[in-house]
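Here the structure comes first, spelled out in structure tokens, and everything after it is commentary.
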Amino acid sequence: MENNIVLQGSDCPDIPAEKFKPAVRQDLAHDKKLDTKPIGYFKGAFIRFCKNKGSVVAACIILLLILFAIFVPIFTPYTVSYYDNNYVNALPRNRLFEKTSFWDGCEEVKNVGLINFTIDYAKGQETGYNAIKDQKYTENDGSYTYRQDSIHKVGCIYQNVSAEEFADIQKYQDETGKQVIYPTVDPQDRPKNQDGKNANYYFKTEIGRGGKTQIVFDEEGKIIPVYWEYEAGTVDDGYTSKKRIEGESGFERDGKTYFYRYSNIAGSGYEIRINYYEYYIYRHTYVNKDGIKAPYFLFGCEKQGKDILTCLASGARFSFLFAIAVAVVNMVVGAIYGSIAGYYGGKADLIMERISDILSAIPMMIVITLLKLHMGGSSHVLVLFLSFFLTGWIGMAGTTRMQFYRYKNQEYVLAARTLGAKDKRLMFKHIFPNAIGTLVTSCALVIPSMIYSEINLSYLGIINLSTGDITSVGTLINAGQSAMSQFPHAVAIPVVYLVLLMLSFNLFGNGLRDAFNPSLRGTEG
């Protein structure tokens, strides 16, 4: 059969008839399988979350804070129960900045008189550990301005030790070559006031006007050491030290040889004068062997001499674990309670809602107070957990109930019920998965709220968490508040951590809320 193609009109092109062929079935267009893969609920939520840059940054910050709370207590040699009264309110020190005036563990002191400056300066002259740096002299008023090292300002102290420890320290000195014990001062040559307990007065002094200690200088303006001396062969060797300070090998006077005494009898032991920095190292590396090599506090110490870095990380770890545990328990209990109320409705919902209303009307402070009175000396952690649990699940229950009312009459639920699905399957197989996104978001927002509440309660002293190896960020803030004007680091560091945590969790929670919003599914291009 011939193909007769007739084209009419002047604008029609002259197409040969052989160009036209009858269509066959294979040439007909059919729907093709999409090349792209379907996007699941959680994958879609993750894609939406990643598009929110603020939430991604917040998630990274939260991850860093969590890693800080997990690993710092593991790797730091200090513990929460550790403290040292000689390093109370020690300033933060970072070895990378020791040669600068920032984060170097030093505090700038201004308008210091000659006496106080000489005391700090003499510490470095005797032990080799300078307590001052970057000193400047003002001629107008004869004062000094310098940066005072918060570790080496301790200098020397008087310490009562047993005969065995006295021998152990000397053994340590011989093995390491480090000077721990320094020549002591005769009690008669010590200041006749409260300063007599200060072992850094190893030079001649007198009591001046107003009962204040005054330094006696020689003709060249230098201090006059008053180390306790003894004539060779007149005292037992137990009073001296095998290792002597540099330059001492006995000195002649009036035809006799004299040496410095390094101890004084004190009860059944000795009173010795030690450089506390070296004694600290001896005690931790030679005696305790607890991994502490030197007094080094990255974030400084608080008013009890505890390492802020360790306490902050341990407190943050407790806060995270506590908040997550309470949030999970509340979510489980609240989800079950809300599912039953929302699915069955009617009288069951009415009764359950009235119970929730009654419990939610009880203030948290009253719950904590009653539990503390009832449980007496029980753990404060248990009291805090029960307080958060007794009313904390109500919000989760309300959220779950609302979601069940929203989805239980949807077509797919009605179809499943028509096909014979039982209530349990309908509740937790068909309806509950649609509420997971909202519950996860609510849980993520509840965690920072619980952390803040726990920190607030411990800050106010209502709950005492400073027992044993447990502490709280709120306890740290409370401890640093009393010294905030002079030592702001003690309160600023835990406050900065808390602010970062709260802001990050809020941004993170907002991102989760948008990501898990079912109305946004399928909007990706």
Side-chain angles (χ1 to χ4, degrees), residues 64-95 103 105 150-151 154 157 159 165 168 172 276-325 377-382 384-385 451 454-455 457-459 461 463-483 487 489-498 501:
L64 292 176
L65 295 179
I66 293 175
L67 293 176
F68 171 83
I70 293 174
F71 291 106
V72 168
I74 297 175
F75 292 105
T76 180
Y78 298 103
T79 61
V80 174
S81 59
Y82 162 89
Y83 69 94
D84 193 308
N85 291 328
N86 288 295
Y87 292 137
V88 169
N89 291 320
L91 299 177
R93 179 190 298 273
N94 190 325
R95 292 189 178 95
W103 206 352
S150 60
I151 297 297
V154 178
I157 65 170
Q159 181 82 4
E165 185 176 1
D168 285 341
Y172 169 79
Y276 189 73
Y277 180 81
E278 288 293 352
Y279 179 75
Y280 182 98
I281 298 175
Y282 151 78
R283 191 178 64 197
H284 288 286
T285 61
Y286 191 79
V287 179
N288 298 335
K289 297 180 180 179
D290 51 13
I292 301 176
K293 298 180 180 179
Y296 178 73
F297 309 103
L298 189 65
F299 287 172
C301 295
E302 42 92 82
K303 67 177 183 180
Q304 294 180 342
K306 293 186 176 183
D307 179 41
I308 292 179
L309 174 66
T310 302
C311 292
L312 178 61
S314 299
R317 180 170 61 178
F318 169 79
S319 297
F320 276 120
L321 293 176
F322 176 81
I324 292 173
S378 300
S379 171
H380 285 246
V381 178
L382 179 60
L384 195 63
F385 179 85
I451 292 177
E454 174 265 316
I455 291 175
L457 291 172
S458 59
Y459 166 74
I463 294 294
N464 181 20
L465 297 175
S466 295
T467 56
D469 287 333
I470 298 177
T471 190
S472 169
V473 178
T475 304
L476 274 180
I477 298 175
N478 180 279
Q481 185 179 12
S482 59
F487 304 102
H489 72 279
V491 67
I493 292 175
V495 165
V496 169
Y497 186 93
L498 177 61
L501 186 65

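Just so you know, residue 1 is the first one in the sequence shown, and it goes up from there.
To the nearest 0.5 angstrom, Ser81 atom OG is 11.5 Å from Ile470 atom CD1. Here SG of Cys311 is found 10.5 Å from OH of Tyr82. Values are rounded to the nearest 0.5 Å. Between atom CG of residue Asn86 and atom CD1 of residue Ile157 there is a gap of 5.0 Å, rounded to the nearest 0.5 Å. With rounding to the nearest 0.5 angstrom, the CD1 atom of Ile493 is 11.5 Å from the CD1 atom of Ile477. Note that OH of Tyr172 and CD of Glu278 are 5.5 Å apart. Values are rounded to the nearest 0.5 Å. Between the SG atom in Cys301 and the CG atom in Asn85 there is a gap of 11.0 Å [rounded to 0.5 Å].
Aromatic ring centres of Tyr280 and Tyr277 lie farther apart than the 6.0 Å criterion allows.
For the pair Tyr78 and Leu309, the minimum side-chain heavy-atom distance is 4.5 Å or more. For the pair Ile451/Phe320, a side-chain contact is recorded, criterion being any heavy-atom separation below 4.5 Å from C-beta on. The closest side-chain heavy-atom distance from Phe299 to His489 is not below 4.5 Å. At least one side-chain heavy atom of Tyr282 sits less than 4.5 Å from a side-chain heavy atom of Glu165.
For residues 279-291, the pairs satisfying salt bridge (charged side-chain N to carboxylate O under 4.0 Å, His left out) are Asp84-Arg283, with sequence neighbours left out.
Put simply, the residue from Thr310, Val80, Leu312 that forms a side chain to side chain contact (heavy atoms under 4.5 Å, CB included) with Thr471 is Val80.
Pairing each heavy atom of Tyr296 with each of Arg95, the nearest pair is OH-N, 3.2 Å. For Gly474 against Ser458, the heavy-atom pair with the smallest separation is CA-OG, 3.4 Å. What you find for Leu384 and Glu454 is that their closest heavy atoms are CD2-CG, 3.6 Å. Closest of all the heavy-atom pairs between Ile281 and Ala294 is CG1-CA, 4.1 Å. Shortest non-hydrogen contact noted between Gly315 and Val473 is C-CG2, 4.0 Å. For the pair Gln304 and Val88, the tightest heavy-atom approach, listed with the atom from each and the gap, is C-CG2, 4.2 Å.
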**OP:** Run the numbers on Tyr87 and Val154 for side chain to side chain contact (heavy atoms under 4.5 Å, CB included), then give the verdict.
**Re:** CA-CA 8 Å; Tyr87 292 137; Val154 178; 3.8 Å; yes

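Checking Tyr276 against Gln159 by side-chain atom types alone, no donor-acceptor pair falls below 3.5 Å.
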Side-chain atoms of residues 64-73: list all donor-acceptor pairs with protein atoms under 3.5 Å, sequence neighbours left out, distances to 0.1 Å.
none

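Listed for the Tyr286 side chain is no donor-acceptor partner under 3.5 Å among the backbone atoms of Asp168.
Judged as a side-chain contact (heavy atoms from CB on, under 4.5 Å), and not counting sequence neighbours, the contacts of Asn89 are Lys303, Ala483, Phe487.
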